[in-house]
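The structure under discussion appears below in the form of structure tokens.
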Amino acid sequence: MRRSLRQLAAVKPSRFLEAGSPTGLTGLFTHNAPRSTLLYLYSSTLEKLKAFPESSLYRQSTEALTKHRMAIVSAVEPEGYKAWAEKARQTIKEHPEVFNTAEGSVAHDEGRHVKEVIGGAQFVTSKPENGHDELLTEWDGEKDEGPQLEGSRTAAERKGQSEWSKERPGSDVKTVKWDPEPPLTSEQVSEIENKIGAGLIEEVIQVAEGELKLVDVLAKSKVWEDLEEKPVEGQWEYFKRSGVLQNP
């Protein structure tokens, strides 16, 4: 039913889903890279679950479900994936100064590409080059004086422009061209959705994000350890039958 809503929400059917287009569910839009996002989330969840004891029922059940869904997603490869993966590995190898730097470093591609190794697999998380959205930016009270005037400037204005250019050098920023993973076709997305059976792939991503946050919270709390304050006797026996019923 929900996949039908996505089709009805689209203006015209196409071979590929358009990122940001309506899915038919309020507030949920088509994801731009669902496959790589799910693999990253599932790998991160499995890595964090290693902090739990192997006897933990939560770890056992979550690992089983995560591995099952991860196998479904990884089995579906977009067209040209192998060529893209080989090119991506070569790019990382040729530019270690970019992909081995800490996130946020201005001197290395402005921190837009960060390499992470999770469970033996390499992931590159990328930030959009232009993340500014005027609709989401709160007005700071500054008056809009319109575009700057053209032509000659006074000595004071020229001095200010010179100082501004020195504050924002760009020659030391090393950049690389990073191509995104090839997109899945509409049929491939439907195949994943049908096999997982948990709604749209965007909903599956939301569930994976929530599970990753939950694992992190439970791991930090060490919920598998004994309580510091032991419960009093009979505290958890509200519905336990204390006697044996006898037929009248």
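Fair warning: this is a prediction, and the values are worked out from it, not measured in the lab.
- By the side chain to side chain contact (heavy atoms under 4.5 Å, CB included) test, Pro180 pairs with no residue at all, sequence neighbours left out.
- In this structure Ser56 satisfies the side-chain hydrogen bond (donor to acceptor under 3.5 Å, both in side chains) test with no other residue, sequence neighbours excluded.
- For Gln188 (side chain) and Thr185 (main-chain N/O), a donor-acceptor pair under 3.5 Å exists by modelled atom type.
- Side-chain atoms of Glu203 come within 3.5 Å of backbone atoms of Leu200 as a donor-acceptor pair (strictly under, hydrogens ignored).
- Taking the salt bridge (charged side-chain N to carboxylate O under 4.0 Å, His left out) definition, one finds that Glu79 meets it with Arg15, sequence neighbours left out.
- Take Glu209 and apply the side-chain hydrogen bond (donor to acceptor under 3.5 Å, both in side chains) test, not counting sequence neighbours, and it matches no residue.
- Under the side-chain hydrogen bond (donor to acceptor under 3.5 Å, both in side chains) criterion, Glu86 pairs with Arg89, sequence neighbours left out.
- Applying the salt bridge (charged side-chain N to carboxylate O under 4.0 Å, His left out) criterion to Asp179, with sequence neighbours excluded, gives Lys87, Lys177.
- Residues satisfying the salt bridge (charged side-chain N to carboxylate O under 4.0 Å, His left out) criterion with Glu211, sequence neighbours excluded, are absent altogether.
- Judged purely by atom type and a 3.5 angstrom limit, Glu193 has no side-chain atom pairing as donor or acceptor with the backbone of Gly199.
- Checked by atom type and distance alone, the side chain of Ser43 never pairs as donor or acceptor with a backbone atom of Tyr40 at under 3.5 Å.
- Taking the side-chain hydrogen bond (donor to acceptor under 3.5 Å, both in side chains) definition, one finds that Gln206 meets it with nothing, sequence neighbours left out.
- Listed by chain and residue number, Phe52 satisfy the ring-ring contact (aromatic ring centres under 6.0 Å, His included) test with Tyr58 (two or more places apart in sequence, or in another chain).
- Gln90 CD: more than 12 foreign heavy atoms inside a 6.0 Å radius.
- Sequence neighbours left out, not one pair with a member in residues 186-211 passes ring pair (Phe, Tyr, Trp, His ring centres under 6.0 Å).
- With 3.5 Å as the limit, one finds no donor-acceptor pair spanning the side chains of Thr66 and Thr45.
- Residues that satisfy the salt bridge (charged side-chain N to carboxylate O under 4.0 Å, His left out) test with Lys195, not counting sequence neighbours, are Glu191.
- Annotation for Glu18: atom CD does not count as buried by contact number, only 12 or fewer foreign heavy atoms lying within 6.0 Å.
- No donor-acceptor pair under 3.5 Å is formed between the side chain of Glu181 and the backbone N or O of Ala33.
- Residue pairs meeting the salt bridge (Lys or Arg N to Asp or Glu O under 4.0 Å) criterion with at least one member in residues 64-78, sequence neighbours excluded, are Glu77-Lys82.
- Counting heavy-atom neighbours within 6.0 Å of Glu233 CD, excluding the residue itself, gives a total of 12 or less.
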